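Labels below follow one simple rule: chain letters A, B, ... track the order of the sequence lines, proteins then strands, and each chain is numbered from 1. Predicted model only: the values in this text are computed from it and were never measured.
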Amino acid sequence: MDIWFDLAKEIDALTASAAVEMEEFDESFAPDTRMADPRFGDYQVNGVLPYAKSNRTNPRALAEKLVARLRGAGIDPEYLELTIAGPGFINFTFTPRFLTDWLKRYASGEALREAASALRGGRRTVVDFPSANTAKQPHIGHLRPMVIGESVARLLEFCGAQTVRDNHLGDWGTNFGTLIMKIKQDGIRLEDLGADALPLLDRLYKEGSQLERDNPELRDISRAELVKLQNSDPENTAIWQTIVDISKKAFERIFAEMDVRTDVTLGESFYRDKVQRVYDELIEIGLAEESDGALVVWHDEVPRFSRDNERPNPFNIRKKDGASNYASTDLATVLYRLDEFQAEEIIYLTDSRQRDHFQQLFLTTRKWFEKTGRPLPDLHHVWWGAILGPDKKPFKTKSGEAVQLRELLDEARSRAFAVVTEKSPGLPESERRAIAESVGISAVKYADLSSNRTQDYVFSWERLLSFDGNTAPYLLYAVARIHSIFSKLDGGKDGTDEAAASPVETETEIALARKLIGFVSVLKQAASDLRPHFICTYLFELAGTFSSFYNADRVLVDDAPTRARRLMLCRRTLLILETGLRLLGITPLKRM
RNA sequence: GCACCUAUAGUUCAAUGGAUAGAACACCGGCCUCCGGAGCCGGCGAUCUGGGUUCGACUCCCGGUGGGUGCACCA
């Protein structure tokens, strides 16, 4: 029997093929393999229960037969034990020998990555994030797209996807009309602004919008400025370009601090000459039609997008003044990603408020590509809930403004510095600063990742910087602690040979080994649901399982095989913890 | 008004239709001459409400209640 990597998949396949050869089963049988409660085993096959029910046979007896067949079908009893429980659950438990061999087989980051790369084997995937805005200072609303997007991209890449990380910059919207109007009205010379340009632009836009609310006739001026921009008017284009450059620089600084990487930045403006083709095609195939002067797509089969609604909500792909909007550019973007990147999958990361937009985008794209004979990439919208303050309302400053990202990160650093100084007063200040930098940013990221993204979560400095509980500091500490075990051994070398390690033996060793091999299933789940919190939950549990082991079983003992296997468990825990943290976009520390 | 999301211990979060609903914080009680005490072990304590489907429901369906969000020319 091989040392399987994807254990659930192998068990599922083995069970299915055993059943195929039995007259008691037909094709409708699905093993339904899943991770089991450790009390019962490592994996469980539950599919016998519903199958027996629909075929009116005794599930327990059926399970007995299936297990007998499996025992004769290549399952090595030295590696894997099968038992039946209750009404017909089949439990699979890997033996200490298998656990130990698995740990020896998947011994490095490279080995894990290589094995995992089969999960998405080269799939060409565009990850659309973090889609920053222009003319706006980075604020807390930009946190989740960066943090969740980076982690999702890393998860996919670890699983072997070939990704293009595309920062789909919001650089072509109606807001430029307002902004240009205000800039001209105030006679502002952007080239004189220097370093404080972005906060000023942010303010100008807010003031401009307010002016429009007070004087509706200004909206026509703004609209005219936007149309001029879209028609390549040199003056407006120059203003626009300056604004975009200022914004990009500010965001690039934040990306660097947050360790967010994108491959390309193809903003909405990039598609300005590509929307006409979309209009033409959608009109030609009869998908788009005029409504109140705008060009729209109705999806009558979905009640809330249908034309006979009380409050109609069509997919508006061209405004009545002829200008494009984000629906136009998003459609052009899908086509570009298909033509240029041969995208097989596109993943969009935005907050929950854009769910309707993406649903309409996906419906429209599907009909459009079907009619024109194009392959349809898998389209996914990865969305999330809001960050709430202690009062359970959206997290804001005391004056009701959005919290600036710069201020948030600075506060994370200074709070982390205070904590690190309290815990490790002996370290030199420069090192405490460096640790605080990492702990602070990691803590903010981890808080954002550790709960199910579709839920709102409550932001609390105290909790996210705590060294107890499911937090970044706790996990970073667990990593540092294991590093220290090895740094004490002969200058970092443990002087033992893993091949000499005997099979895991004590209850706590076995529990830890089983937890470690469970990483693969968790990785798969996180990558297929695009939910990083599965990784967080797992790492936190792993750290706890390790603590129990480390407390119960002394590592540095004289007996060589025992010492070797316990050191191997330490090394592998470290490997999985560090691998997992990196998948979250967090760089582990060696000392803290 | 219509639609979507959501409701789990005192609090913050888990739980691909599976076995006794898990953690952490807080609270209470134990352990250890402890390889980093930023430790280990245990206790207390919860599925908003009413129906339904299912061998099996926190999970799926229907009706309430509370909270959030969205409803074309903003992105």
Side-chain angles (χ1 to χ4, degrees), chain A residues 32 34-37 39-40 44 46 49-50 52-53 59 85-89 91 131 133 170 172-175 178 209 223 268 291-296 302-305 309-330 350-357 359-360 383 385-386 388 392-394 419 422-424 450-452 454-458 460 462-464 466-471 473-474 477-478 480-485 488-489 521 524-525 528-529 533-534 536-537 540-541 544 547-548 550-557 566 570 591-592:
Chain A
D32 184 23
R34 64 181 65 203
M35 275 205 276
D37 185 312
R39 283 172 301 185
F40 307 124
Q44 57 178 275
N46 294 345
L49 273 74
K53 179 70 184 174
F89 299 108
N91 292 318
S131 307
N133 305 92
W172 202 239
T174 307
N175 56 331
T178 304
S209 309
R223 245 193 294 275
E268 290 165 0
S291 172
D292 287 350
L295 190 64
V296 307
V302 180
R304 72 179 182 284
F305 303 139
N309 234 319
E310 226 177 296
R311 291 179 64 175
N313 184 18
F315 197 45
N316 185 337
I317 66 170
R318 189 181 63 200
K319 302 193 288 188
K320 68 179 172 195
D321 60 12
S324 63
N325 62 9
Y326 78 134
S328 341
T329 48
D330 270 1
T350 79
D351 71 42
S352 62
R353 289 175 301 185
Q354 296 192 36
R355 294 189 69 200
D356 279 356
H357 168 73
Q359 210 167 341
Q360 292 180 101
W383 56 274
L388 307 177
K392 303 285 191 76
K393 299 254 170 66
V419 175
E422 187 201 325
K423 305 278 189 189
S424 307
S450 59
S451 61
N452 194 337
T454 50
Q455 227 108 340
D456 297 347
Y457 79 93
V458 177
S460 152
E462 201 181 318
R463 206 169 23 249
L464 70 90
S466 166
F467 280 71
D468 295 301
N470 190 10
T471 67
Y474 174 79
Y477 172 72
R481 193 169 163 221
I482 301 175
H483 268 297
S484 82
I485 298 169
K488 282 189 190 141
L489 290 166
S521 291
K524 275 178 70 176
Q525 196 177 10
S528 68
D529 288 3
H533 81 282
F534 287 122
C536 297
T537 304
F540 175 60
E541 288 170 358
S547 280
S548 299
Y550 195 66
N551 197 256
D553 299 317
R554 189 167 183 85
V555 172
L556 301 178
V557 293
R566 289 184 182 163
C570 293
R591 197 161 81 131
M592 60 186 283

Which is true for [X] with a 4.0 Å heavy-atom rule: it touches a base, it touches only sugar-phosphate, or it touches nothing?
{"X": "Ser484(A)", "result": "base"}
{"X": "Pro50(A)", "result": "base"}
{"X": "Ala478(A)", "result": "nothing"}
{"X": "Ser291(A)", "result": "base"}
{"X": "Val458(A)", "result": "sugar-phosphate"}
{"X": "Arg311(A)", "result": "base"}
{"X": "Gly86(A)", "result": "nothing"}
{"X": "Asp330(A)", "result": "nothing"}
{"X": "Arg304(A)", "result": "sugar-phosphate"}
{"X": "Phe534(A)", "result": "sugar-phosphate"}
{"X": "Tyr457(A)", "result": "sugar-phosphate"}
{"X": "Ser131(A)", "result": "nothing"}

* To do: Would you kindly say whether Ser548(A) and Asn551(A) are connected by a side-chain donor-acceptor distance under 3.5 Å?
  =>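 The answer is no; no qualifying pair exists.
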* Just by distance, with hydrogens left out, do Gln359(A) and Arg304(A) show a side-chain donor and acceptor under 3.5 Å apart? ->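 Yes - a donor-acceptor pair under 3.5 Å links their side chains.
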What's the closest nucleotide to the [X] side chain, out of [options]?
{"X": "Gln455(A)", "options": "C4(B), A7(B), C13(B)", "answer": "A7(B)"}
{"X": "Ser451(A)", "options": "A14(B), A75(B), G18(B)", "answer": "A14(B)"}
{"X": "Ala85(A)", "options": "G18(B), C35(B), A19(B)", "answer": "A19(B)"}
{"X": "Asp292(A)", "options": "A72(B), A75(B), A3(B)", "answer": "A72(B)"}
{"X": "Ser548(A)", "options": "C41(B), U12(B), G39(B)", "answer": "C41(B)"}

* To do: Ignoring backbone atoms, establish whether Lys423(A) has a side-chain N or O less than 4.0 Å from OP1 or OP2 of A38(B).
  =>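 Indeed not, no polar side-chain atom of Lys423(A) lies that close.
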* Check whether any side-chain N or O of Lys392(A) sits under 4.0 Å from OP1 or OP2 of U12(B), and answer yes or no. =>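 Checking U12(B) against Lys392(A), a side-chain N or O does come within under 4.0 Å of OP1 or OP2.
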[M] and [N], which share atom name [atom1], separated by this distance in whole Å:
{"N": "A57(B)", "M": "G52(B)", "atom1": "P", "result": "13 Å"}
{"N": "C71(B)", "M": "A75(B)", "atom1": "C1'", "result": "16 Å"}
{"N": "C48(B)", "M": "A7(B)", "atom1": "C1'", "result": "6 Å"}
{"N": "A46(B)", "M": "G39(B)", "atom1": "C1'", "result": "29 Å"}
{"N": "A21(B)", "M": "A14(B)", "atom1": "C1'", "result": "10 Å"}
{"N": "G10(B)", "M": "C44(B)", "atom1": "P", "result": "14 Å"}
{"N": "G66(B)", "M": "C28(B)", "atom1": "P", "result": "38 Å"}
{"N": "G45(B)", "M": "A9(B)", "atom1": "C1'", "result": "5 Å"}

Paired with [N] by Watson-Crick or G-U wobble geometry, both distances under 3.5 Å: which nucleotide is it?
{"N": "C31(B)", "result": "G39(B)"}
{"N": "U8(B)", "result": "none"}
{"N": "G22(B)", "result": "C13(B)"}
{"N": "C58(B)", "result": "none"}
{"N": "C74(B)", "result": "none"}
{"N": "U47(B)", "result": "none"}

Heavy-atom closest pair, residues [X] and [Y]:
{"X": "Leu464(A)", "Y": "Thr471(A)", "value": "O-CB, 3.9 Å"}
{"X": "Lys423(A)", "Y": "Phe467(A)", "value": "CE-CD1, 4.0 Å"}
{"X": "Leu49(A)", "Y": "Pro87(A)", "value": "CD2-CG, 3.8 Å"}

* Under 3.5 Å donor-acceptor pair, Thr537(A) side-chain atoms to A23(B) base atoms ->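 Checked by distance alone, the answer is no.
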* Asked: On a plain distance test, is the side chain of Asn175(A) in donor-acceptor contact with the base of A75(B) below 3.5 Å?
  ->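 It does not, because no donor-acceptor pair links the side chain of Asn175(A) to the base of A75(B) below 3.5 Å.
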* Specify the residue among Gln44(A) and His533(A) whose closest nucleotide of RNA chain B lies further upstream toward the 5′ end. =>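 On the 5' side of the pair lies His533(A).
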* Asked: If you find the nucleotide of RNA chain B closest to Met35(A) and the one closest to Tyr474(A), which residue's nucleotide is nearer the 5' end?
  ->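 That would be Met35(A).
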* **Phe89(A) vs Phe40(A), side-chain contact (heavy atoms from CB on, under 4.5 Å): CA-CA, chis, key distance, verdict** => CA-CA 10 Å; Phe89(A) 299 108; Phe40(A) 307 124; over 6 Å; no
* For Arg353(A) and A72(B), give me the distance from atom CZ to atom P, rounded to whole Å. =>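 Interatomic distance, CZ of Arg353(A) to P of A72(B): 15 Å.
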